[in-house]
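Residue numbers begin at 1 in each chain, while the letters A, B, ... track the order of the sequences.
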Number of protein chains: 2
Amino acid sequence: MSNTISINIKSSCASCGLRDLCLPVGLNSNEIEILGNLVNHKRAVKRGKYLHRTGTSFQSLYAVRRGFFKTFILEKDGRQQVTGFHMTGELIGLDAISAEIYTCDAVALEDSEVCEVPFSKLEEISRVIPSLMKHFHKIMSGEIVKDHEVMMLLGSMKAEERLITFLLNLSGRFSKRGYSSVDFVLRMTREEIGNYLGLKLETVSRAFSKLQEESIISVNNKHIHIHDMDRLKNKVDV
Amino acid sequence: MSNTISINIKSSCASCGLRDLCLPVGLNSNEIEILGNLVNHKRAVKRGKYLHRTGTSFQSLYAVRRGFFKTFILEKDGRQQVTGFHMTGELIGLDAISAEIYTCDAVALEDSEVCEVPFSKLEEISRVIPSLMKHFHKIMSGEIVKDHEVMMLLGSMKAEERLITFLLNLSGRFSKRGYSSVDFVLRMTREEIGNYLGLKLETVSRAFSKLQEESIISVNNKHIHIHDMDRLKNKVDV
DNA sequence: GCCATGAGTTGATCTAGATCAAAACAAAAA
DNA sequence: TTTTTGTTTTGATCTAGATCAACTCATGGC
């Protein structure tokens with residue numbers, strides 16, 4: 001269950017850019033037209049800029065059309081917990097439905113573009129298109145599953161296992177989008193990876209170096225190449 | 001945003017036992033009758049018994065009517081990550097909507113009782129009662145927020161901070177249910193606390209002992225008394 | 001009630017990962 | 001181009017929490 005939204009079938013897909021990733025929901029042309037009105041407002045977000053900030057009022061979800069985001073929570077003392085990295089086709093803002101306020105910051109890690117999805121409209125439309133409602137529920141639930149997997153990672157894996165799990169996750173998501181699963185460029189710094197995995201940046205760097213020494217991957221700054229996917233997976237017994 | 005369900009207003013509440021905790025949703029008597037049919041099947045779960053198991057087919061959410069549950073994920077090597085502790089009024093099973101399969105095990109930590117909520121019925125009814133749908137979305141979103149808080153805890157807090165955050169969380173939830181916020185009985189073992197907080201049981205025990213030495217709390221086996229709530233909160237600068 | 005078994009505490013030691021430090025490297029600005 | 005600034009790597013050291021071990025306490029079954 002990937003965190004993608006299904007409303008971008010055919011015509012409405014083109015405008016929103018989420019095309020292939022959408023799960024087929026089986027809408028008729030009338031329904032597709034209804035959806036066309038929902039998702040039309042695009043917004044560009046330059047690298048380093050905020051898509052939304054903690055505490056601001058919630059109106060819309062955002063579907064990533066292009067680019068890469070991180071979301072994170074800040075503690076008073078400045079510690080930053082990255083709650084997720086988000087790529088094309090994924091939805092940002094599900095946390096905000098609860099209190100009608102964003103509970104984290106969302107920053108673009110490269111020049112990006114999102115589709116704004118006004119949430120009250122989404123709720124209205126999902127009443128008349130049950131398959132849309134069901135799909136939305138699956139997306140939210142999938143987010144919970146994903147978070148539980150991160151809890152597993154943070155609560156009971158060692159540094160190397162965490163990094164491998166992270167790489168395998170990225171690899172799978174790139175692959176699903178038609179990119180190479182063994183050759184990709186990280187959009188985030190070592191520190192940001194560490195803030196996601198509950199590790200210091202030095203530990204992340206050392207774990208990369210160790211995997212490279214073992215000829216399992218090669219690391220060239222932000223470029224990662226996976227030479228031996230099987231050995232990588234074996235290390236986390238997936 | 002507590003993880004409670006709202007369908008238990010007045011008459012239907014009595015049968016389900018979630019009464020006071022429900023957020024008022026403002027239903028008319030006709031709507032309440034519709035809901036009456038939804039949540040009626042009760043199920044008792046003895047201490048140590050499973051409410052559901054990983055991988056089994058999903059039909060229903062469960063609202064805890066009475067008692068206490070833990071949910072957890074098992075890794076192949078036996079490592080257990082507790083994903084949550086659930087008390088009266090809280091919903092279990094939101095993770096399963098995504099793949100229509102439960103993604104974790106749920107075990108009763110004391111003799112308990114749940115209301116079964118057939119999910120397909122819930123979806124149908126929420127189409128005709130928009131306020132119910134909205135409330136359900138808030139519950140799911142609240143679950144995501146809660147999970148992000150746990151990620152923060154696991155990813156960037158030290159042992160003592162984790163335990164205090166856990167105690168404050170329990171304290172708040174007991175208080176909301178009309179029980180003392182400074183005096184309560186833990187339903188789980190040190191090991192289960194550890195499996196939730198990403199710590200070993202000895203570390204949990206030592207953290208308890210340290211807080212007791214500092215006269216902030218007292219610990220008598222599973223009974224906790226908080227003497228100095230302010231000092232406790234200051235330690236995690238809440 | 002008594003015993004057996006599981007739960008909890010405490011001490012001694014070990015280690016994975018944090019911290020501190022310095023150098024190498026890359027990308028952007030001047 | 002050179003300078004500046006931020007990122008990454010690697011080494012040396014330290015420490016929070018894990019691990020190992022022993023003992024105490026509580027509880028449920030008989």
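- The residue among R47(B) and M157(B) whose nearest nucleotide of DNA chain D lies closer to the 5′ end is M157(B).
- One can place CD of E202(B) at 9 Å from C1' of dC20(D), the figure rounded to the nearest angstrom.
- Note: F174(A) and Y179(A) have perpendicular aromatic rings, judged against thresholds of 30 and 60 degrees for the angle between ring planes.
- The CG atom of L163(A) sits 12 Å away from the P atom of dG17(C) (whole-angstrom rounding).
- Rounded to whole Å, atom P of dT8(D) lies 9 Å from atom CD of E191(A).
- We find the CD-CG distance between E160(B) and L163(B) to be 8.0 Å, quoted to the nearest 0.5 Å.
- Distance, K200(B) NZ to dG8(C) P: 15 Å, rounded to whole Å.
- Rounded to an integer number of Å, the gap from CD1 of I193(B) to P of dA7(C) is 13 Å.
- Along DNA chain C, the nucleotide nearest to N221(A) and the one nearest to R162(A) differ in position, and the one closer to the 5' end is contacted by R162(A).
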Item to complete: Before giving the answer on salt bridge (Lys or Arg N to Asp or Glu O under 4.0 Å), spell out for R177(A) and E90(A) the whole-Å C-alpha distance, their side-chain angles and the decisive distance to 0.1 Å.
Response: CA-CA 11 Å; R177(A) 282 158 184 77; E90(A) 296 175 342; 3.4 Å; yes
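- On a pure distance criterion of 3.5 Å, a polar donor-acceptor pair joins the side chain of R206(B) and the base of dT19(D).
- In this structure, K46(A) places its NZ atom 13 Å from P of dA28(C), rounding to the nearest Å.
- Atom CG in L186(A) sits roughly 13 Å away from atom C1' in dT7(D) (whole-Å rounding).
- Of all the heavy atoms in L186(A) and L170(A), the pair that sits closest is CD2-CD1, 3.6 Å.
- Atom-to-atom, CZ of R79(A) to C1' of dA18(C) comes out at 14 Å; the value is rounded to the nearest Å.
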